[in-house]
Amino acid sequence: MRGVRRFVVFAFATSLATGSTLVFGMATASAHICPIPAQIEVARSATIQVGVTVEGAVVPDVEIGIPTGLRLDRVDPKAGWTVTRSGSTVRYHGGPILAFTCEYFSLGVTAPSPGSWGIRVVQRNAAGAIVADAVPDPGSPQDRALDQFVYAGVKPPSPPSTSSGQSGPIIAGIVLVGFGLVMFVALQIRSRRHDTDDTDGERDVADRDAELEARLDRFKKRRPGSPPPD
């Protein structure tokens with residue numbers, strides 16, 4: 001029964017670990033969105049924070065492109081980074097930004113007229129290879145939710161509606177944890193029943209042995225001619 005118990009514990013622990021990893025992993029991934037929509041006034045210089053979402057690579061090189069329709073007025077210094085500017089493009093070297101973290105870069109811009117604009121962000125690794133190139137599409141709800149946008153004289157759109165239920169992978173993780181728990185309880189009950197049956201069987205054997213011993217003692221003590229013991 002020791003082997004069965006080990007299997008029960010292992011099955012439960014595996015289910016719990018796998019399910020927890022799914023749930024936690026999905027929650028972490030969904031929370032890793034760095035850009036915050038910038039709202040500025042028309043025809044007035046304003047400071048924006050360009051959010052950079054870094055995923056699975058360390059990034060020491062970030063290039064930010066200001067689109068046509070916005071004017072780049074100022075590039076603010078950032079500790080630990082050097083900056084070069086070419087027209088409406090700004091490139092930062094330094095950091096670096098660690099994987100699965102956020103970083104923000106401060107710029108001064110002006111919107112001569114009302115509108116909304118996506119900020120292009122290019123990320124490069126230490127070898128200079130591009131690891132991410134976000135070119136936001138104003139017509140894409142997904143891009144508006146994930147990338148950096150600036151709104152002047154207009155309100156940002158409402159965030160994409162989310163279902164009141166949990167996502168598929170999260171539900172799958174919860175179901176897996178529940179299955180592991182049910183299996184753990186069921187196998188524990190079965191194990192206890194088996195132990196009870198073994199104990200009852202051992203008790204029956206002991207009772208029979210005691211009864212035979214008692215009969216044997218009575219047989220030895222009976223007098224000649226007396227009837228045999230029951």
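Although no hydrogens or angles enter the test, the distance criterion places no donor-acceptor pair under 3.5 Å between the side chain of S88 and the main chain of L72.
Between E63 atom CD and T84 atom OG1 the span is 8.5 Å, to the nearest 0.5 Å. To the nearest 0.5 Å, atom OG1 of residue T101 and atom CD of residue E55 are 9.5 Å apart. The line from CG of L107 to CG of L70 is 10.5 Å long, rounded to the nearest 0.5 Å.
One hydrophobic cluster holds both W81 and I66 under the rule that ILVMFWY side chains link at heavy-atom gaps under 4.5 Å. Hydrophobic clustering, with ILVMFWY side chains joined whenever heavy atoms are under 4.5 angstrom apart, keeps V122 apart from V83. V62 and L146 are not part of a single hydrophobic cluster, where members link through side-chain heavy atoms under 4.5 Å apart.
Considering only heavy atoms from C-beta on, K78 stays 4.5 Å or farther from D76 through its side chain. A 4.5 Å side-chain heavy-atom check between V59 and P96 finds every atom pair outside the cut-off. For the pair P156/F149, no side-chain contact is recorded, criterion being any heavy-atom separation below 4.5 Å from C-beta on. Residues I64 and T89 are not in side-chain contact: their nearest non-hydrogen atoms beyond the backbone lie 4.5 Å or more apart. Counting heavy atoms from C-beta on, the side chains of P138 and R144 come closer than 4.5 Å. In this structure, the side chains of P35 and T53 come closer than 4.5 Å at one or more pairs of heavy atoms. Proximity of V52 to C102: side-chain heavy atoms (C-beta onward) are nowhere separated by under 4.5 Å.
Taking each heavy atom of V109 and D73 in turn, the nearest pair found is C-OD2, 3.3 Å. The minimum heavy-atom distance linking W117 with A152 is given by the pair CZ3-CB, 3.8 Å. Of all heavy-atom pairs between R91 and R124, the closest is NH2-CD, 3.2 Å. When every heavy atom of P37 is checked against every heavy atom of Y151, the shortest pair comes out as CB-CE1, 3.9 Å. In terms of heavy atoms, T110 sits closest to S45 at OG1-CA, 3.2 Å. Pairing each heavy atom of I119 with each of P67, the nearest pair is CD1-CD, 3.7 Å.
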*Steps toward side-chain contact (heavy atoms from CB on, under 4.5 Å) verdict (E103, V54)*: CA-CA 8 Å; E103 194 62 80; V54 174; 5.9 Å; no
*Take D147 and R120, measure what salt bridge (Lys or Arg N to Asp or Glu O under 4.0 Å) needs, and give me the verdict at the end.*
CA-CA 8 Å; D147 298 324; R120 181 181 183 183; over 6 Å; no
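Ring geometry for F105 versus Y92: interplanar angle of 30 to 60°, hence tilted.
Using modelled atom types and a 3.5 Å distance limit, the side chains of T47 and R74 yield a donor-acceptor pair.
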